[in-house]
Amino acid sequence: MSNEKNQQQQLELAQLEHEHVYDPQARESDLVQAAIAAGDAETKLPLKQLIRIYYPAALWSMALSAALIMDGMDTGLVNNFFAQPSYVERFGVPGAGANGAKAIPADWQAAINNGQQIGAVAGLAFVGWATDRFGSRKIYMLGMVLLSAAIFMLVFAQNLPMLMMGNMLCGFPWGIYQTLTTAYAAEICPTAMRGYLTTWVSMCWGMGNFLAAGILRGSLQLPDEWAWRMPYIIQWAWPVPLFIVGFLAPESPWHLVRKGRYDEAARTIRRLARPGYYTDSQIQEQVELIKYTDAKEKEEVASATYFDCFRGVNLRRTEIACVVFAIQPLTGQGVTGYATTYLTQAGMSAVMAFNYSMAIQSVNIVATGIAIFLTGYVGRRTSYLYGTAAIALFQLVLGVLGVAGGSDVALGVAVMMIMIQLAFKLSVGPICYSIIADIPNSRLRNKTIALARATYITTNIVCGQLLPRMLSPTAFNWGAKSGWFWFGIGLFCVGYTFFRVPETKDRTYLELDKLFQDRVPARKFRATKLDLAALSGQNDEVIDEKAEMQHVEGVPTTELRR
């Protein structure tokens, strides 16, 4: 009870310290400093208090991120379909499996997966440009319309080429959501909640994969072709309600400020907190902080093109975001997506293999839920480092089991699959989205995330080519011995994280810009102290200097400040 009272007093004190009389003529530097101080005070509040204040922002972010539940379910269907009896009977090729049985050839498995990835890359390239121009909401709704149309080809597919084309068409809107939802979460919430809402993105994918496993398990008993058609038909349940969510959701205040729509940005910021929380002065401070951060970043990236992602200090930021995302497939976690194939090869029945696949996917939800709450206590860098190391260790054990061989190792393989998924979802899986949302220059966020996701997809295509061949009896036929390969790659992931990935927890975008501009080594990000008062004080000097330059041309200072 006393702890609850102390938390309430802390919140009230922070609120009182932050409130002051609304002054429309206040100096920009004072407003920026006040906003930074308020944000710093909020990072010390417990999660419960943050939710009480910013539950509207959290709910809108979580609602739009539900598109990734749909995405995770849809993409989760693809890999596990390859072991479903009715799917294999309809699309399998005689002689492609063991002992001349019907199976989906490894080349076609890779082609179907890669078709989806190629479509996603096109969607990523589009969303990086379109979101900056039109905003998140309009592109979100457009994606839902495109997906509804693309599902038709999957439902009525007659052969393997149609399945590949259907996945390619669906991949385009999936690529949109893979970037848009993360950037949206990063832009509508305060610094203190940024990590929670960006890691929620991974939870959505986990829930989608779990739904996919459950749908496939439930459809096993359906007659004839309904066993594979019905899971595709269920995909139509998502687009209409999510289109409505996109229509009602608030636009990113960062996008509105970049477009000069300051009044709309102010209304959106007020809408993202509980009713009555923000005073007029606090709204003004938040808008000025976004304007100031955007103005400082514009000095480096005035045009905000993809080319700017590779210039100056932004090259380092783009590199980190891309490699961090590429580490996800490079850990070899993708083996869990082929769990049913691994386990049936190890001697399990198809039904038991699907049951264990559901157990493996259920780890997504539990582990990511834990990871979300740990976000407020454990740094991004620390979590990523220990996570990559743990996955590499479990891959080593999986490789040892593969060498041991025999039908009695099937349970051990299943346990290692669960442990790999557990380690991934406690660290690398969810924390990746916090890092790639924090790292970019704000004006380049959508484009940097799109490039990072494209790097992930490219890496995933390579891994997608390797994984079926590692399992196929007519290709490498490694089975669980593939763990040795992923262990070796995992050592690189650990080394890169240690030397290149900085800590971004509780840092504002203004602070991160300064740390990158000063070329602070990754290992020193957390300990480096910044004089933000002096930094924000430069704002008026810049404006006054520009005002003097423009005075001769007759441009009013008030217009310049706008």
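Side-chain atoms are counted along with the backbone in the values below, which use heavy atoms only and exclude waters and symmetry mates. This one's a predicted model, so the numbers in the text were calculated from it and none came from an experiment.
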* Taking the inter-plane angle between the rings of Phe325 and Tyr456 on a 0 to 90° scale, is it parallel (under 30°), tilted (30 to 60°) or perpendicular (over 60°)? -> tilted
* Asked: Heavy-atom distance under 4.5 Å between the side chains of Thr268 and Leu256, does that happen here?
  -> yes
* Which is it for Gln333 and Gln328 under the side-chain hydrogen bond (donor to acceptor under 3.5 Å, both in side chains) test, yes or no, and what are the steps along the way? -> CA-CA 7 Å; Gln333 180 269 345; Gln328 279 201 339; over 6 Å; no
* Ring centres of Phe126 and Phe172 under 6.0 Å apart? -> yes
* To do: Mark yes when over 12 heavy atoms from residues, nucleotides or ligands other than Tyr386 sit less than 6.0 Å from its OH; otherwise mark no.
  => no
* Asked: Could Asp438 and Arg507 be called an ion pair, given the rule that one side-chain N must be under 4.0 Å from one carboxylate O?
  -> no
* Salt bridge or not for Arg445 and Asp132, using N-O below 4.0 Å? -> no
* Asked: Can you check whether Trp478 reaches Leu467 side chain to side chain, under 4.5 Å on heavy atoms?
  -> no
* Is the distance between the ring centroids of Trp238 and Phe243 less than 6.0 Å? -> no
* Would Trp228 and Phe91 count as a close aromatic pair, with their ring centres under 6.0 Å? -> yes
* To do: Could you tell me whether Arg381 sits above the aromatic face of Phe498, with NZ or CZ closer than 6.0 angstrom to the six-membered ring centre and within 45 degrees of the axis?
  => yes
* Asked: Are side-chain heavy atoms of Phe516 and Ile320 found at a separation under 4.5 Å?
  -> yes
* Quick one: do Arg258 and Glu187 make a salt bridge, cutoff under 4.0 Å? -> yes
* Between Tyr140 and Tyr177, ring centroids under 6.0 Å -> yes
* Asked: Taking the six-membered ring for Trp, are the ring centroids of Trp254 and Tyr184 within less than 6.0 Å of each other?
  -> no
* Asked: Does Arg500 reach the side chain of Val323, with side-chain heavy atoms less than 4.5 Å apart?
  -> no
